[in-house]
Peer 1: 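My questions will all concern the structure given below.
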Amino acid sequence: MGKVFVHVTMSLDGFVAGADPSPEQPMGAGGMRLHDWVFKASASDVDTEVIQELFGTTGAVILGRRTFDVGLGAWEDTPFPVPCFVLTHRGRDQLPMRSGTFTFVTDGIHSALRRAQAAARGRHINLMGADVTQQYLRAGLVDEVQLQLSPVLLGSGKRLFEHLGTGLELERTGVAESPYVTHLRYRVVK
């Protein structure tokens with residue numbers, strides 16, 4: 001069975017999105033700067049390798065409704081070419097896209113995880129969105145955290161490790177750097 005992981009880019013001041021995300025600014029005010037490394041990846045073997053591994057090992061995605069609502073217009077597809085499960089309180093029919101299908105899950109994180117694991121066929125489950133990640137971290141269901149530390153200060157926005165208390169323990173398992181970002185990999189100690 002694949003790992004449950006979060007792969008996210010974070011500013012030096014701890015934000016994974018800028019303030020006020022919207023369909024016009026899916027990453028919030030100034031948040032797109034976090035992903036400059038992705039757009040420059042072809043200039044860095046390290047960044048290219050990280051992106052290839054991410055896409056090569058992801059079998060399904062679990063994301064929140066807000067991430068879906070603000071991201072769909074920018075993606076114009078699923079964020080990864082795999083089945084995507086949207087945690088929501090407002091159900092709707094499946095939304096087939098070119099590269100995968102969005103399935104809306106209204107009965108909680110455990111149900112979404114079971115469905116994602118079945119769809120992933122042994123590959124990894126990627127969590128998207130700070131709120132979803134926090135729910136899975138609090139429940140002890142995350143195996144790995146992969147952070148891309150971007151040399152950007154956002155000043156405000158959405159923090160990944162907010163509202164978690166002090167019980168989360170991470171063990172560093174990898175570090176790689178490029179001219180654009182520092183890749184940090186942690187195992188969640190259970």
Side-chain angles (χ1 to χ4, degrees), residues 1-11 14-23 25-28 31-32 34-35 38 54-55 57-75 77-92 94-95 97 99-120 123-148 150 154 156-165 167-170 184-188 190:
M1 185 175 303
K3 296 177 186 175
V4 176
F5 75 98
V6 58
H7 186 280
V8 67
T9 303
M10 181 182 291
S11 67
F15 296 101
V16 295
D20 303 318
S22 67
Q25 288 187 304
M27 292 298 299
M32 282 305 293
L34 292 173
H35 293 163
V38 174
L54 175 64
F55 276 84
T57 61
T58 298
V61 172
I62 299 174
L63 64 154
R65 181 63 182 248
R66 182 177 177 104
T67 301
F68 168 81
D69 285 343
V70 301
L72 184 60
W75 301 323
D77 197 359
T78 54
F80 289 80
V82 297
C84 294
F85 298 86
V86 181
L87 277 170
T88 183
H89 296 290
R90 295 173 289 147
R92 65 174 275 184
Q94 284 188 335
L95 178 60
M97 303 299 285
S99 300
T101 298
F102 287 105
T103 300
F104 298 82
V105 181
T106 59
D107 54 348
I109 65 173
H110 293 89
S111 174
L113 181 56
R114 282 190 302 275
R115 295 170 83 169
Q117 286 171 327
R123 295 173 69 204
H124 300 329
I125 311 300
N126 185 1
L127 303 176
M128 288 183 67
D131 292 334
V132 164
T133 298
Q134 290 166 9
Q135 290 178 59
Y136 280 90
L137 283 168
R138 277 194 298 276
L141 297 171
V142 177
D143 299 306
E144 192 170 289
V145 176
Q146 299 173 23
L147 294 177
Q148 280 52 246
S150 176
L154 292 180
S156 64
K158 191 68 170 172
R159 293 185 188 272
L160 183 65
F161 296 119
E162 214 164 36
H163 313 299
L164 293 177
L168 180 63
E169 186 176 339
L170 303 173
L184 303 166
R185 191 173 221 156
Y186 298 94
R187 181 181 68 81
V188 178
K190 297 187 181 185

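Please read all numbers here as calculations on a predicted model, not as lab measurements.
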Peer 1: Supply the atom-to-atom distance L54 CG to Q148 CD, rounded to the nearest 0.5 angstrom.
Peer 2: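 With rounding to 0.5 Å, CG (L54) is 8.0 Å from CD (Q148).
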Peer 1: Quick one: closest heavy-atom pair of R123 and F55, and the distance?
Peer 2: NH2-O, 3.5 Å
Peer 1: Report the distance from atom CG of L63 to atom CZ of F80, rounding to the nearest 0.5 Å.
Peer 2: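 Spacing of CG (L63) from CZ (F80) equals 10.5 Å.
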Peer 1: Can you check whether T88 reaches T106 side chain to side chain, under 4.5 Å on heavy atoms?
Peer 2: yes
Peer 1: Identify each donor-acceptor pair in which a side-chain atom of residues 124-132 lies under 3.5 Å from a protein atom, sequence neighbours left out, and give them as a table.
Peer 2:
{"from": "H124", "atom 1": "ND1", "to": "K3", "atom 2": "N", "distance (Å)": "2.8"}
{"from": "D131", "atom 1": "OD1", "to": "K158", "atom 2": "NZ", "distance (Å)": "2.9"}

Peer 1: Is there a donor-acceptor pair closer than 3.5 Å between any side-chain N or O of R115 and the backbone N or O of F85?
Peer 2: no
Peer 1: Taking C-beta and beyond as the side chain, do F15 and L34 meet within less than 4.5 Å on heavy atoms?
Peer 2: no
Peer 1: How far does CZ of F104 sit from CZ of R65, to the nearest 0.5 angstrom?
Peer 2: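 Output value for this atom pair is 5.5 Å.
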Peer 1: Go through the steps for V6 and Y136 under the test side chain to side chain contact (heavy atoms under 4.5 Å, CB included), then give the verdict.
Peer 2: CA-CA 10 Å; V6 58; Y136 280 90; over 6 Å; no
Peer 1: Could you pull out the closest heavy-atom pair between S111 and V105, with the gap in Å?
Peer 2: OG-CG1, 3.9 Å
Peer 1: For S22, give me all partners under side-chain hydrogen bond (donor to acceptor under 3.5 Å, both in side chains), at least two apart in sequence or on another chain.
Peer 2: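 If we apply the side-chain hydrogen bond (donor to acceptor under 3.5 Å, both in side chains) test to S22, skipping adjacent residues, the hits are E24.
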Peer 1: Quick one: closest heavy-atom pair of P79 and C84, and the distance?
Peer 2: CD-SG, 3.7 Å
Peer 1: Is the F5 ring parallel, tilted or perpendicular to the H7 ring (thresholds 30°, 60°)?
Peer 2: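 Perpendicular.
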Peer 1: Quick one: does any side-chain atom of Q134 pair with a main-chain N or O of L160 as donor and acceptor, under 3.5 Å?
Peer 2: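 Checking the backbone N and O of L160 against the side chain of Q134, a donor-acceptor pair under 3.5 Å is found.
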Peer 1: With sequence neighbours excluded, what pairs up with Q94 under the side-chain hydrogen bond (donor to acceptor under 3.5 Å, both in side chains) test?
Peer 2: T103
Peer 1: Measure the spacing between CG of D107 and NE2 of H89 and express it to the nearest 0.5 Å.
Peer 2: 11.5 Å
Peer 1: Test side chain to side chain contact (heavy atoms under 4.5 Å, CB included) on V4 and L113; report intermediate values, then the result.
Peer 2: CA-CA 9 Å; V4 176; L113 181 56; 3.6 Å; yes
Peer 1: When you compare the side chain of L95 with that of L72, does any pair of heavy atoms fall below 4.5 Å?
Peer 2: yes
Peer 1: What distance do Q146 atom CD and T9 atom OG1 have between them, rounded to the nearest 0.5 Å?
Peer 2: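 Answer for the CD-OG1 pair, Q146 versus T9, is 10.5 Å.
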Peer 1: Specify the closest pair of heavy atoms between Q135 and I109, including all atoms of both residues, with the distance to one decimal.
Peer 2: OE1-CG2, 3.3 Å
Peer 1: Work out which heavy atom in A60 is nearest to a heavy atom in A116; give both atom names and the distance.
Peer 2: CB-O, 3.6 Å
Peer 1: If I compare all heavy atoms of G100 with all of D77, which pair ends up nearest, and what's the gap?
Peer 2: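 So the two residues come closest at N-OD1, 4.3 Å.
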Peer 1: Mind running side chain to side chain contact (heavy atoms under 4.5 Å, CB included) on F161 and V145 for me, showing each step along the way?
Peer 2: CA-CA 11 Å; F161 296 119; V145 176; 4.2 Å; yes
Peer 1: Any non-hydrogen side-chain atom of V8 less than 4.5 Å from a side-chain atom of L147?
Peer 2: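 Result yes, sub-4.5 Å side-chain heavy-atom pair found.
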